[in-house]
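Below: the structure, in structure tokens.
Proteins get letters first, then strands, A, B, ... in listed order; numbering begins at 1 in each.
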2 protein chains.
Amino acid sequence: MVTIYDIAKRANVSAMTVSRVINNSGRISAGTREKVKRIMEELNYIPNSTARSLVKQETKMLSLLITDITNPFFTTLARGAEDAAHQLGYKLLFGNSDEKLSKEKEYVDMVLSTRVDGLLFAPASDASADHLAMLNVHRIPFVLVDREVPGVEADMVLGENRTGAFQLMEHLVSLGHRRVALINGFGTVSTARERYAGYREALERHRLPYDDSIVLEYGYNRFDDPAKLERILRMPDPPTAIFAANNMLAVSIIGYLRDRGVSVPEQISVVCFEDVGMASELDPFLTVAVQPAYEFGYRGIELLMERIRRKEEMERQTIRLPSELIVRKSAGAPPHRL
Amino acid sequence: MVTIYDIAKRANVSAMTVSRVINNSGRISAGTREKVKRIMEELNYIPNSTARSLVKQETKMLSLLITDITNPFFTTLARGAEDAAHQLGYKLLFGNSDEKLSKEKEYVDMVLSTRVDGLLFAPASDASADHLAMLNVHRIPFVLVDREVPGVEADMVLGENRTGAFQLMEHLVSLGHRRVALINGFGTVSTARERYAGYREALERHRLPYDDSIVLEYGYNRFDDPAKLERILRMPDPPTAIFAANNMLAVSIIGYLRDRGVSVPEQISVVCFEDVGMASELDPFLTVAVQPAYEFGYRGIELLMERIRRKEEMERQTIRLPSELIVRKSAGAPPHRL
DNA sequence: TTGTATGCGTTATCAG
DNA sequence: CTGATAACGCATACAA
């Protein structure tokens, strides 16, 4: 490997002079600067950032931990994060927890040992608090994105889940629905709680009854339990609409409905949180509350960098990003009862 | 920061002994091992992999460079790569070239300085050869994924683009199409050349004429040039089908057709390479040649690791992964002419 | 403007 | 089984 010493020897200067040329620090005569630069080119020298990190105690690496690398919401978020990091001269280490605490822990251990300068973190659940505590112990700055964790103080970039859910429900109610099932994420995830709150708020606003039996806590993965759905559809008074708490749930539920011969929206309406990537373009079908996923990532990294630079002397910040109701075709008037 | 010396002091042993406990190397008495372990726990010690990398000359990091982090093909590939890397105890550094050589170069410089142990690389075009040459100069092992580069010898994981394109065309021909437009990626990208070859091969097989005026080299980004499409649609003898060389092109083209009131597949058929993520589940519409994207990533990392372990003493390998024709609804019989 | 000595946290090597 | 020393490649502090 070519080191600064190799350059130094060839240029008849000291290693320090080479270092200064690389970092544009200190004063150097134009002559030696040129000579050193030329020799670096000749030898294809590239600074070893491992060594640099060791002495400077910074890696110029940030890390992004998300819960599902195949979900368009998170990939778009990742894109925003990557763009921001790249522009700021940082590399991005990705991790994928699959909504699992065990994978999340492994990943946190990894980044701790990698000594990344900071972490943009979408926690799998409230139980992620332990992992965040580890980050605090080791003084790794982090920003929470998409989800918050009770009892953890941190900078955050969050969506307006409650309002978004409320709007989705308002839309359904305005179409005439009075009985709406909610297929939600786990109650241990803040976004699921907030969407639930928006759901209930809408019911109350319109003096609609809350019925526990059409509210399911399923989790944010694809829905894979036809029996539960069947039970709801076979009720004497079945819901006329389904509010799926995220895109994966909506897509898989619509799949089941289709397989069963139930047409959307004619027989039942479906709405959800988060958009569905290319699907919304190919066939603008799903009525959704879209979150600005790219902004989540971009502003998350910006906030993280601000925290890194200003250390403790900055107030904690929470950025709330609104969602937008996009009315398409998956929700219509409820069917007439015979 | 807690270091190996802090542990050593507390345990009344040397730093080396601590190091041996951490790495399970050398023989150590059960007693001191336990003591050291306990103290590491107490102090929340986590090894500094930066320092370790410096002396061991390996970072336990691999890098994945893709051309579009928002395309479901690449995100699924990324997922496969992340899974493989994680299982092998490696971290994954992601990069996104946006199909641009300039971003690709920046990224290559970054990983060179980061001293990753290897790189899984989806080159932006044939001109990426320069960047690959840099990797060779610095002896960074790499595996090409999805695309090959003429003149560059390397391990590769590639798709069967020619066969896949041929099958897609066969399907169209079997439906009765005799005039099919091709909207392709740039000729400087190997997959575009191969898909083009499959297209021509199918024409020849069925003794259909090749018409230059309905073959467009557009690039793999979303199609954004209505005029070009208009020109083709307005021909006296317009094509009855469009073969879009990737998912982005297909989706955006279908969008334009819809806006213009042209219905697919009634008035014109559309097929493409690569699936469209959630869209294919929400509404199984597009007839496509699906590539095993996850395998691309997973096997790419496996191959890369093999190369890293066995160095030069291994023959170069090329893995060819077949695509699968999935017939859905976007292609039907050509319309009857009046 | 340039150079010397030192240390970042870890492991390889050799000695005991 | 354990320890002392040097080295990985670079940058900081100080000296010249």
Less than 4.0 angstrom between a side-chain N/O of [X] and OP1 or OP2 of [N], yes or no?
X	N	value
S14(B)	dG3(D)	yes
S19(B)	dT11(C)	yes
T17(B)	dG3(D)	yes

Roughly how many Å is it from [atom1] in [X] to [atom2] in [N], rounded to a whole number?
X	N	atom1	atom2	value
E58(B)	dT10(C)	CD	P	16 Å
R20(A)	dG3(C)	CZ	C1'	7 Å
I4(A)	dG3(C)	CD1	P	12 Å
K60(A)	dA11(D)	NZ	P	12 Å
K9(B)	dT2(D)	NZ	P	20 Å
Y5(B)	dG7(C)	OH	C1'	11 Å
M1(B)	dC8(C)	CE	C1'	9 Å
I46(A)	dC10(D)	CD1	P	11 Å

Closest to the [X] side chain, choosing from [options]:
X	options	result
S29(A)	dT1(C), dC8(D), dC1(D)	dT1(C)
V55(B)	dT10(C), dG3(D), dT2(C)	dT10(C)
T32(A)	dT2(C), dG9(D), dT10(C)	dT2(C)
N48(B)	dA5(C), dT13(C), dT10(C)	dT10(C)
K56(A)	dA4(D), dG9(D), dT12(D)	dT12(D)
M16(A)	dT4(C), dG9(D), dT2(D)	dT4(C)

Whichever of L54(A) and V13(B) has the more 5' nearest nucleotide on DNA chain D, that residue is V13(B)
Exercise for review: Answer with base, sugar-phosphate or nothing: what part of the nucleic acid does R52(B) contact at a heavy-atom distance below 4.0 Å?
Suggested key: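 Contact class for R52(B): sugar-phosphate only.
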Y298(B)/Q87(B) under side chain to side chain donor-acceptor pair (under 3.5 Å): CA gap, chis, key distance, verdict: CA-CA 10 Å; Y298(B) 198 95; Q87(B) 283 167 25; 2.6 Å; yes
Practice problem: Might you confirm whether atom CZ of R307(A) has over 12 heavy atoms from other residues, nucleotides or ligands at distances under 6.0 Å? | Solution: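 Check passes, neighbour count above 12.
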Got more than 12 heavy atoms from elsewhere within 6.0 Å of CD, E315(A)?
->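 At most 12 heavy atoms, drawn from other residues, nucleotides or ligands, come within 6.0 Å of this atom.
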* Asked: In this structure, which one of M305(A), R310(A), E306(A) forms a side-chain contact (heavy atoms from CB on, under 4.5 Å) with I308(A)?
  ->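 The side-chain contact (heavy atoms from CB on, under 4.5 Å) with I308(A) is passed solely by M305(A) among M305(A), R310(A), E306(A).
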side-chain contact (heavy atoms from CB on, under 4.5 Å) partner of L304(B), chosen from V143(B), L119(B), V145(B):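 For L304(B), the side-chain contact (heavy atoms from CB on, under 4.5 Å) test succeeds with only one of V143(B), L119(B), V145(B), which is V143(B).
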Hey, which sits more toward the 5' end of DNA chain C by its nearest nucleotide, A15(A) or R27(A)?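 In this pair, the answer is R27(A).
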Let me know, please, whether Q57(A) or R33(A) comes out on the 5' side of the other along DNA chain C by nearest nucleotide.
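It is R33(A), whose closest nucleotide lies nearer the 5' terminus.
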### Message
Under 6.0 Å between ring centres: does that hold for F73(A) and F296(A)?
### Response
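Close enough - the centres of the two rings lie under 6.0 Å apart.
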